[in-house]
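Notes to accompany the following structure.
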Amino acid sequence: MITVTKTYLPNKAKYQAYVDQIFASGWLTNNGALVQKLEQRLKEHLGVKHLILVANGSLALQVAYQALNLTGEVITTPFSFAATTNTLLWEGLTPVFADINPNTFNIDPKLIEAQITTNTSAILPVHVFGNPCEVEAIQAIANKHQLKVIYDAAHAFGTEYKDESVLNYGDISTLSFHATKLFHTIEGGAVITNDDQLAKKIRLLINFGITSPTTIESVGTNAKMNEFEAAMGLCVLDDIENIKQRRAEIWKTYQQELPSNLSFQQWNQHSQNNHAYAPVLFESEEELLKAEAKLKENSILPRRYFYPSLDTLEYLKIKQNCRNSRDIASRVLCLPIFPTLSTGQSKKVNNIISGVK
Ligand SMILES: *Cc1c(COP(=O)(O)O)cnc(C)c1O
């Protein structure tokens, strides 16, 4: 069976050596040596000022909303993973959607201003499939209306925009290091900011608001990463260049050999694809369903990322109809892409899709 992704497993002996280290120290969590080491290495690898490791990408978002004191309405994209909208609701915030650009699959900055009200406190765009948003246009809108900007950058590990990390844009960016992501720590995530004060506050928020054994300074939660997760991250980070190279090769076979009636996401011209996902766009949902069924018959399981469009969720109080997002969500399919997928297997995917009429 070939699935859309397969968790990258590093050298077992190397991971075992870290586990031995953890057992020797007896320190399993609470800002341990391996968490500190991984934070340092990730900051250097990604080129960011402050990076705080957390338990997962959803908590990274929730901590970001708390750190920035968000209230009321937050303008976000309907074309994303459920966590983008659900974390807002979980924190008592109201998601308001601005539709996407059907070419880039990202929130369309031209549609943001129409959604701003006196209750709006922030904009929450997603760099969908790692493709950088129109960060300058979004910041200009935020500045004009005094709104915070949080990027859900769960897919944007290693993505650069104009030769620097795209994670440096906005007030805060968040990453997910879930086992299915390009870079992973089993479960995990990170909060990124350039602001020293915010970074301090985030460290407080992820550890119950406790500043010393006898001081509780504020409300906080438990969003800490543990040492076993950090150890996995250190091992995977050692192999990241090979992981990226292999993904790029697989994507190339898809791009070159898939039939011409399929189209691709338009990538930001100031950035290079990090190949976190392999999304292809069919001409109709009917064609997509036919291809998906044929692939399944051959034990290949692609995923309909992202379906359904989040503006269709029944539990939302504000009803909206984001036509571009609904249309793209109905026609986009993410094909298998992971380092151990062989060229033969990616060619098989191509052949099956090409054979569907
Ligand atoms: C994976 C993902 C998340 C959630 O991350 P977890 O680590 O699984 O909690 C949030 N947003 C997007 C866009 C994601 O793809």
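Every number for a ligand or one of its atoms is a count from 1 in the order of the listing.
Using cut-offs of 30° and 60° for the angle between ring planes, the F183 and F157 rings count as parallel. Ring pair F81/F306 is tilted by interplanar angle, where 30° to 60° counts as tilted.
For atom 15 (O) of ligand 1, the closest heavy atom belonging to the protein is H155 NE2, 2.7 Å. Closest to atom 9 (O) of ligand 1 among all protein heavy atoms lies S58 OG, 2.7 Å.
The F81 neighbourhood of ligand 1 comprises atoms 2 (C), 3 (C), 12 (C), 13 (C), 14 (C), 15 (O), with distances under 4.0 Å to a heavy atom of that residue. Here is the list of ligand 1 atoms found below 4.0 Å of a heavy atom in G57: 5 (O), 6 (P), 7 (O), 9 (O). In summary, the atoms of ligand 1 found under 4.0 Å from a heavy atom of N56, numbered by their order in the structure, are 7 (O), 9 (O). Set against the non-hydrogen atoms of G188, the atoms of ligand 1 under 4.0 Å away are 7 (O). Of all atoms in ligand 1, listed by their number and element, those nearer than 4.0 Å to a heavy atom of A154 are 2 (C), 11 (N), 12 (C), 13 (C), 14 (C), 15 (O).
Of the options R304, K290, R331, a salt bridge (Lys or Arg N to Asp or Glu O under 4.0 Å) to E285 is made by R304 and by none of the others. Exactly one residue among T120, L111, V149 makes a side chain to side chain contact (heavy atoms under 4.5 Å, CB included) with I75. That residue is T120. Considering I172, L42, L175 in turn, L175 is the only one that fulfils the side chain to side chain contact (heavy atoms under 4.5 Å, CB included) rule with I192.
Of the polar atoms of D152, at least one N or O is found under 3.5 Å from an N or O of ligand 1, judged by distance alone.
For an aromatic pair to be called close, the ring centres must be under 6.0 Å apart, and H270 with Y161 satisfies this.
Selection from A83, A60, S176 by nearest heavy atom to atom 5 (O) of ligand 1 gives S176. With Q62, K181, H178 as candidates, the residue nearest to atom 2 (C) of ligand 1 on a non-hydrogen basis is K181.
The CG atom of D171 sits 7.0 Å away from the CG atom of L198 when rounded to the nearest 0.5 Å.
A donor-acceptor pair shorter than 3.5 Å can be found between the side chains of T180 and H178.
Contact annotation for E187 and ligand 1: no heavy atom of the residue comes within less than 4.0 Å of the ligand. Under 4.0 angstrom from ligand 1, the non-hydrogen atoms of S80 all belong to its side chain.
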